[in-house]
Structures are given as structure tokens and as C-alpha cells.
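Shown next, in C-alpha cells, is the structure this report addresses.
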Amino acid sequence: MMSLLKVAAPRLERTRSVADMVVSVADMDSTHAEARRMVERGEIVVNVGESGELASDHLPITVIAADYLSNALVRFGRPWITVPGKSLTATAVVPVPARVADDELFNGWLAMIGELAALDALEGEIDACGARPYDEDCGFKLKWPNDIYCHGLKIGGTVTEVMPSPSGGPASGAWRVVAFSFGANLLVPADHLPTPQATSLQMNVGPLPGIEELRDGVLSRFVESLRRRLETFADSPMVEAGRLRSEMRHVCWMMGREIEAQLIDGSAVRGVVVALNDDASINVETPDGVTRALLASEVGLLQ
């Protein structure tokens with residue numbers, strides 16, 4: 001597929017105006033993997049003062065974007081297919097306070113923040129360009145913990161990971177480096193979609209601008225929403241966790257649905273999703289009436 005389509009580094013003028021650093025290339029293996037390599041090489045540095053506070057007045061965000069990824073992997077090594085000139089594939093790298101990133105009561109919400117920021121970006125850009133849904137019932141939903149759905153089909157997804165840091169790096173102190181990867185099928189036609197369970201933005205709303213304007217608009221809004229949500233969450237994680245829980249419940253595709261979760265320990269849990277909990281886990285009520293809480297970190301595959 002790559003050989004049939006022109007591959008070019010995304011032009012990201014709007015994104016450059018809101019991010020602190022932007023790396024944009026035509027193709028690479030994975031923006032998420034490149035984020036990890038940049039952290040390991042010390043190319044993403046968290047500048048802090050003597051008090052341990054950030055030297056800047058906002059959370060600095062580094063964006064890594066590519067038109068085509070040759071080895072894009074999402075959760076637990078599953079592949080993500082990109083279509084050159086039709087998709088959005090990017091990773092935003094952000095410092096997050098260790099008191100939040102290391103706390104099991106709060107750190108599950110980081111993945112939800114990534115999902116919600118992606119939703120903000122898509123909906124915001126659709127409104128800004130005057131596009132309208134082809135179907136009145138069209139609406140985006142979030143499949144816990146990392147997929148974006150439209151009409152029950154996958155239009156995109158996010159991956160959130162606290163990056164390992166070299167000894168003496170930012171992770172050894174008051175900050176952790178977190179990567180938020182975001183992939184979306186923007187102008188992908190039906191015959192280029194990877195699976196029957198996938199869809200794209202152009203198949204559901206229109207009219208839409210060309211890929212350069214659309215991709216830049218969505219990505220810049222993702223950066224802005226991610227920064228705003230993370231800063232608010234870091235300031236008051238207990239309060240914000242409650243607010244995020246309420247917000248997620250309204251857009252969670254899984255609530256009330258029967259699911260089967262394949263866990264990373266090899267076991268499986270089947271039942272109906274009945275609740276989203278304070279720590280961002282979900283409750284699944286099994287056929288025998290037992291309620292089981294599942295953390296995103298222990299779920300390998302969710303169907």
C-alpha cells in the first residue's frame with residue numbers, strides 16, 4: 001500500500017504553534033517507539049527549578065508525527081495500520097507529576113485523559129470546519145480503555161505509557177515522562193480500511209478539508225486538550241478523577257454491554273460492564289452474579 005501512495009512529512013504549522021517541540025517525518029517504524037528512544041537518548045528533558053517545579057509556565061509537550069508507520073504497535077504488540085496521506089499518527093510526550101503517575105488511585109485516569117483529548121480534538125475540528133454527520137445518529141464513543149468508536153466501528157485509538165527513563169533522568173525525581181499516542185483514520189476510503197470493524201472520519205461526516213489542514217487541526221487540538229486536562233488533573237487529582245468518571249460514563253461505549261476480556265495472565269472474564277470505578281477500572285458482572293473489577297493494565301484483549 002505504501003508504494004502506491006505518496007508519503008510526505010506532515011506539515012504541522014498549527015501544531016508547532018501550540019507544542020514546545022515537533023518532530024515530523026515522512027515515515028518511521030513507530031512514533032511511540034521513537035518517543036521512547038528520544039527519552040532514552042536524553043532528547044526530551046524536563047526542565048525543573050531548584051524547588052522541583054517546572055521551569056516553564058505550562059506543561060511542555062513534544063510531538064512526534066509521521067505520515068506512514070512501518071511497525072506501529074498498539075497495546076500488547078497488536079499492529080495499527082496507517083494509510084499515507086489519509087491518516088493521523090502521532091505521539092505527544094508530556095511530563096506528569098510523579099505523585100500522580102505513580103499513584104494507583106490516579107494513574108489509570110491518564111489513559112482516559114488521552115482518550116478524552118482525542119475525542120475533543122476530533123469533535124472540535126469537525127465543528128470548526130463546518131462538517132456535519134451523514135447520519136443523525138452519528139456520534140463518537142470511547143471503548144475503555146483506548147479505542148474511539150463511531151457507529152460501533154473503530155475510527156481511532158490511543159495508547160498511554162509512562163516511559164522508562166535513564167538513571168538520573170526526570171523519572172528519578174518529581175516527574176515522569178508519559179507518552180500519549182493517537183492514531184485516527186481521517187480520509188481513509190472504505191476499500192483501504194484494514195478490517196470490517198474499522199471506519200473513517202470521511203465516511204461519517206463532511207465536507208472535510210484536505211489531509212494537511214485536517215490532520216494539523218486535529219493534532220493541534222489534541223495537544224491543547226491534553227495539556228489543559230493534564231494541568232487540571234495534576235492540580236487536583238481527587239476532584240478531577242470524580243469529574244472524569246462522570247464525563248467518561250456519558251461517552252463510554254461499553255456501559256451495559258456484554259464483553260469478553262482476555263487477561264494477560266491467560267484467563268478470561270465474560271460479563272456485562274456495570275460500572276466505571278474511582279480508579280478508572282471497570283466492574284464486570286459475570287453470568288454467575290459475581291462482580292469483577294478489571295484494570296486496563298491487566299486486560300490484553302477486549303471483545
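On a predicted model such as this, the values are computed, not experimentally measured, just so you know.
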Next on the checklist: Show, in sequence, the C-alpha distance, side-chain angles and deciding distance for D20 and H58, and conclude whether the side chain to side chain donor-acceptor pair (under 3.5 Å) test is met.
Outcome noted: CA-CA 10 Å; D20 295 79; H58 64 264; 3.0 Å; yes

Checklist entry - Roughly how far, to the nearest 0.5 Å, is NZ of K86 from OH of Y68? => result 16.0 Å

Item to check | Flag for T15-D216: side-chain donor and acceptor within less than 3.5 Å | outcome: yes

Item to check | Q202 and L186: CA distance, side-chain angles, deciding distance, side-chain contact (heavy atoms from CB on, under 4.5 Å) verdict | outcome: CA-CA 6 Å; Q202 76 162 13; L186 297 181; over 6 Å; no

Checklist entry - Heavy-atom distance under 4.5 Å between the side chains of M163 and E40, does that happen here? => result no

Next on the checklist: Using side-chain heavy atoms (C-beta onward) and a distance below 4.5 Å, is V100 in contact with N107?
Outcome noted: no

Checklist outcome for this item: Smallest heavy-atom separation, F222 atom then G114 atom, equals CE1-O, 3.7 Å

Next on the checklist: Does E231, at its CD atom, have more than 12 non-hydrogen atoms belonging to other residues, nucleotides or ligands within less than 6.0 Å?
Outcome noted: yes

Checklist entry - Is there a donor-acceptor contact under 3.5 Å from the side chain of Y134 to the main chain of V205? => result yes

Next on the checklist: What I want to find out is whether D120 reaches R221 closely enough, with some N-O distance under 4.0 Å, to be called a salt bridge.
Outcome noted: no

Item to check | Short side-chain to backbone donor-acceptor contact, T91 and S181, under 3.5 Å | outcome: no

Checklist entry - Got a second to check how far L69's CG is from N71's CG, nearest 0.5 Å? => result 9.0 Å

Item to check | Shortest non-hydrogen contact between I44 and A35, atoms and distance | outcome: CD1-O, 4.4 Å

Item to check | Rounded distance (nearest 0.5 Å) linking atom OG1 of T160 with atom CD of E115 | outcome: 8.0 Å

Next on the checklist: Testing the basics here: between S24 and P10, what is the closest heavy-atom pair and its distance to 0.1 Å?
Outcome noted: OG-O, 2.7 Å

Checklist entry - Are any of the side-chain nitrogens in D147 or K154 under 4.0 Å away from the carboxylate oxygens of its partner? => result yes

Checklist outcome for this item: Between A33 and D29 the two heavy atoms that sit nearest each other are CB-OD2, 4.2 Å

Checklist entry - If you look at every heavy atom in A117 and S225, which pair is closest and at what distance? => result CA-OG, 3.4 Å

Next on the checklist: Within this structure, what is the CD-OG1 distance for the pair E258 and T286, rounded to the nearest 0.5 Å?
Outcome noted: 10.5 Å

Checklist entry - Are E212 and R215 within salt-bridge range, i.e. N to O under 4.0 Å? => result yes

Checklist entry - More than 12 non-hydrogen atoms from neighbouring residues, nucleotides or ligands closer than 6.0 Å to CZ on R99, yes or no? => result yes

Checklist entry - Is there a chain of hydrophobic side chains (I, L, V, M, F, W, Y, each step under 4.5 Å between heavy atoms) that links L276 to V272? => result no

Item to check | Criterion side-chain contact (heavy atoms from CB on, under 4.5 Å) on K143 and L302, from CA distance to verdict | outcome: CA-CA 9 Å; K143 181 185 176 184; L302 199 62; 4.3 Å; yes

Checklist entry - Are V274 and V284 connected in a single hydrophobic cluster, I mean Ile/Leu/Val/Met/Phe/Trp/Tyr linked by side-chain heavy atoms less than 4.5 Å apart? => result no

Next on the checklist: Using a strict threshold of under 4.0 Å (side-chain N to carboxylate O), is an ion pair present between R243 and E247?
Outcome noted: yes

Next on the checklist: For C252 versus W144, what's the shortest heavy-atom pair and its separation?
Outcome noted: SG-CB, 4.5 Å

Item to check | Any donor-acceptor N/O pair, S236 side chain to E240 backbone, under 3.5 Å | outcome: no

Item to check | Cluster link F180 to V251, ILVMFWY, side chain under 4.5 Å | outcome: yes

Next on the checklist: Quick test of your reading of the model: are R270 and E285 salt-bridged, counting only N-O distances below 4.0 Å?
Outcome noted: no

Checklist entry - Could you give the distance from CD (E298) to CD (Q262), rounded to the nearest 0.5 Å? => result 13.0 Å

Next on the checklist: Before you tell me yes or no, could you show the steps for L263 and V269 under side-chain contact (heavy atoms from CB on, under 4.5 Å), namely the whole-Å CA-CA distance, both residues' side-chain angles and the distance that decides it to 0.1 Å?
Outcome noted: CA-CA 8 Å; L263 306 187; V269 176; 4.0 Å; yes

Next on the checklist: Run S87 and N185 through side chain to side chain donor-acceptor pair (under 3.5 Å) and show every step you take.
Outcome noted: CA-CA 5 Å; S87 307; N185 301 319; 4.6 Å; no

Checklist entry - Using 4.0 Å as the upper bound for N to carboxylate O, is an ion pair formed by D102 and R176? => result yes

Item to check | Same apolar cluster: I113 and V239, side chain cutoff 4.5 Å | outcome: no

Checklist entry - Less than 4.0 Å between a side-chain N and a carboxylate O, is that true for R37 and E43? => result no

Next on the checklist: Between R14 and E125, does any NZ, NE, NH1 or NH2 come within less than 4.0 Å of an OD or OE carboxylate oxygen?
Outcome noted: yes

Item to check | I64 vs M38 side-chain heavy atoms within contact, under 4.5 Å | outcome: yes

Checklist entry - Between D27 and D67, does a side-chain contact (heavy atoms from CB on, under 4.5 Å) hold up when you go through it step by step? => result CA-CA 6 Å; D27 63 273; D67 190 27; over 6 Å; no

Checklist entry - Between I126 and L153, is there a shared hydrophobic cluster once you connect ILVMFWY residues whose side-chain heavy atoms come closer than 4.5 Å? => result no

Checklist entry - Hey, mind stepping through N204 and T199 against side chain to side chain donor-acceptor pair (under 3.5 Å) and telling me if it holds? => result CA-CA 8 Å; N204 292 278; T199 187; 3.0 Å; yes

Checklist entry - Mind checking whether F182 and I148 have side chains closer than 4.5 Å, heavy atoms only? => result yes

Item to check | Polar side-chain atom of N277 near backbone of D279 as donor-acceptor pair, under 3.5 Å | outcome: no

Item to check | Close side-chain approach of L119 to K141, heavy-atom, < 4.5 Å | outcome: no

Item to check | Spatial distance of atom CG (L88) from atom CG (L214) [nearest 0.5 Å] | outcome: 8.5 Å

Item to check | Donor-acceptor pair, side chain of S200 and main chain of L187, under 3.5 angstrom | outcome: no

Item to check | Flag, side chain of S220 to backbone of G217, donor-acceptor distance under 3.5 Å | outcome: yes

Next on the checklist: Between V178 and V93, is there a side-chain heavy-atom distance shorter than 4.5 Å?
Outcome noted: no

Checklist entry - Are the side chains of L116 and R229 in touch, meaning some heavy atoms are under 4.5 Å apart? => result yes

Next on the checklist: Could you go through D278 and R245, starting from their C-alpha distance and side-chain angles, then the distance that decides it, and tell me whether this counts as salt bridge (charged side-chain N to carboxylate O under 4.0 Å, His left out)?
Outcome noted: CA-CA 7 Å; D278 290 339; R245 179 186 179 192; 2.7 Å; yes

Item to check | Student check: side-chain heavy atoms of P60 and P95 closer than 4.5 Å | outcome: yes

Next on the checklist: Please evaluate residues R41 and E34 with respect to the criterion salt bridge (charged side-chain N to carboxylate O under 4.0 Å, His left out), reporting the C-alpha separation (whole Å), side-chain torsions for both, the decisive distance (0.1 Å), and the verdict.
Outcome noted: CA-CA 10 Å; R41 294 193 299 257; E34 179 63 13; 3.0 Å; yes

